[in-house]
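Structure first, commentary second.
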Amino acid sequence: MHSLFDLQKKVVVIAGAAGAFGSEIAIELADRGCFVSLFDKDEESLNRVFDRLSPTKTHHLVFDAADDSSCSAAMSDVMERWGRIDAMVNCVGVFEIFPSVEMPDKIFTGTLNVNLNAAFFLSRNAAKHMIPRRSGRIINIASVSDSIANPGYAAYASSKAGLSQLTRVLSVEWAEYSITVNAISPAISDTQLTHSFLEDGDNRQYALSRIPMKRFFEPKDILGTVILLLSEGGSFITGQSIHIDGGRTIS
């Protein structure tokens, strides 16, 4: 029986696959019968994720998402392995919080480079292989910071707002090829990426107090929306930034 949410044999590239979100998505999609290509800069952590999955349905590669030539070579490697790219999920990101007057230039530009420039390089290189097939799905992991302002977030929020707008522009450019481009924007999560920030009791209390559901986002919370957007059920959803935030953006 046909299922709106069947992902069997889809070839999905997951960039940032060694992180909390990327690894959770990789494991779920592999369980659903996808062929997954895992990309990350952190070789040791990437190998740990790869070792949890079937080697016959998984491909992994160390790369630099903020380098266009590295992204191009990685996508070519996927094509050589699987022959197509059905979807790309971009989980690459950094989280650096500083008061604006104290923020080092390299933190601001570095955050934009990883959170925004890399998304463009990844999307463009994936789309080059999707356009001839007139089919594809691209998901960027953004943040509630694409639409709300917190002190110290000048670099991070700017990068995520830019990512959500990039998502909208690419969705318009590639709609004629039946390529959907969407962003998922979670509330703050308590992961390795945010651990040093949330170690501060005041930061933790403030962040939690702003979420009406009174808990942090968990990596598993992202899975339902990813499955929807990659499946036939999400075929007419494009250009959206979907907030999974326990009410954070309406509080």
Side-chain angles (χ1 to χ4, degrees), residues 2-19 21-43 45-92 118-141 167 170-171 174-175 177-182 184 222-223 225-235 237-238:
H2 176 72
S3 169
L4 280 176
F5 306 107
D6 181 19
L7 299 176
Q8 286 280 340
K9 298 183 179 180
K10 296 286 186 182
V11 174
V12 184
V13 174
I14 303 172
F21 294 173
S23 59
E24 193 82 24
I25 292 167
I27 292 165
E28 179 67 24
L29 295 184
D31 285 346
R32 290 176 174 268
C34 293
F35 299 104
V36 291
S37 285
L38 312 176
F39 297 168
D40 206 286
K41 197 173 185 177
D42 182 346
E43 184 172 9
S45 297
L46 182 63
N47 286 336
R48 283 199 295 268
V49 178
F50 176 74
D51 288 344
R52 297 177 63 182
L53 305 175
S54 167
T56 61
K57 293 187 176 182
T58 312
H59 158 252
H60 69 310
L61 186 69
V62 177
F63 87 134
D64 181 1
D67 180 80
D68 183 57
S69 61
S70 183
C71 292
S72 177
M75 296 300 172
S76 295
D77 207 62
V78 176
M79 292 296 294
E80 185 176 342
R81 177 65 182 267
W82 306 119
R84 68 182 194 280
I85 299 172
D86 294 312
M88 191 277 293
V89 183
N90 167 33
C91 304
V92 174
F120 177 66
F121 298 149
L122 285 163
S123 298
R124 177 172 64 181
N125 283 291
K128 287 177 181 178
H129 298 288
M130 294 174 175
I131 286 172
R133 298 182 65 242
R134 303 188 70 85
S135 176
R137 306 293 172 86
I138 294 172
I139 299 174
N140 290 308
I141 306 304
T167 295
L170 297 182
S171 75
W174 299 336
Y177 306 108
S178 297
I179 297 170
T180 66
V181 188
N182 291 287
I184 296 175
I222 209 168
L223 297 178
T225 307
V226 169
I227 292 164
L228 169 64
L229 294 175
L230 296 185
S231 71
E232 184 63 26
S235 62
I237 302 171
T238 197

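- Within the 4.5 Å cutoff, the side chain of Leu229 has no heavy atoms near those of the Thr180 side chain.
- By the neighbour-count criterion of 12 heavy atoms within 6.0 Å, atom CZ of Arg52 is sparsely surrounded, having that number or fewer from other residues, nucleotides or ligands.
- A donor-acceptor distance shorter than 3.5 angstrom exists from the side chain of Ser76 to the backbone of Ser72, with no hydrogens or angles considered.
- In this structure, CG on Leu228 lies 4.5 Å from CD1 on Ile237, to the nearest 0.5 angstrom.
- Across Leu61 and Leu46, no two heavy atoms sit closer than the pair O-CD2, 3.4 Å.
- Not counting sequence neighbours, Asp64 has no partner by the side chain to side chain donor-acceptor pair (under 3.5 Å) test.
- Nearest heavy-atom pair across Ala127 and Pro132 is O-CD, 4.4 Å.
- Using a 4.5 Å heavy-atom cutoff, the side chains of Arg137 and Ser235 are in contact.
- None of Asn125, Val13, Ile139 except one satisfies the side-chain contact (heavy atoms from CB on, under 4.5 Å) rule with Met88; the exception is Val13.
- Taking 4.5 Å as the limit, every side-chain heavy atom of Val49 sits out of range of all side-chain heavy atoms of Asp40.
- Using a distance-only test at 3.5 Å, with no hydrogens or angles considered, a donor-acceptor pair links the side chain of Ser231 to the main chain of Leu4.
- Looking at every heavy atom in both residues, Ala26 comes nearest to Val36 through O-CG1, 4.4 Å.
- No salt bridge links Asp86 with Lys9; every basic N to acidic carboxylate O contact stays at or beyond 4.0 Å.
- To the nearest 0.5 Å, atom CZ of residue Phe35 and atom OG1 of residue Thr56 are 7.5 Å apart.
- Taking the six-membered ring where the residue is Trp, Phe50 and His60 present parallel rings, their angle staying beneath 30° rather than reaching 60°.
- Taking 4.5 Å as the limit, every side-chain heavy atom of Lys10 sits out of range of all side-chain heavy atoms of Leu230.
- Here the shortest heavy-atom pairing between Leu7 and Cys34 reads O-SG, 3.3 Å.
- Evaluation of the salt bridge (Lys or Arg N to Asp or Glu O under 4.0 Å) rule for Arg134 yields no partner, not counting sequence neighbours.
- Contacts of Glu28 classified as side chain to side chain donor-acceptor pair (under 3.5 Å), with partners at least two apart in sequence or in another chain: Arg32.
- Side-chain atoms of Asn90 and Ile138, non-hydrogen and from C-beta on, never get closer than 4.5 Å to each other.
- With hydrogens and angles disregarded, a donor-acceptor distance shorter than 3.5 Å links the side chain of Asn47 to the backbone of Glu43.
- Put simply, the side chain of Phe63 reaches to within 4.5 Å of the side chain of Leu122, judged on heavy atoms.
- Taking both residues in full, the closest heavy atoms of Phe39 and His59 are given as CE2-CE1, 4.2 Å, listed atom of the first, atom of the second, then distance.
- Looking at Lys128 and Met75, their side chains never come closer than 4.5 Å, going by heavy atoms from C-beta outward.
- Residues Ile25 and Val12 are not in side-chain contact: their nearest non-hydrogen atoms beyond the backbone lie 4.5 Å or more apart.
- Minimum heavy-atom separation, Ser37 to Trp82: OG-NE1, 2.9 Å.
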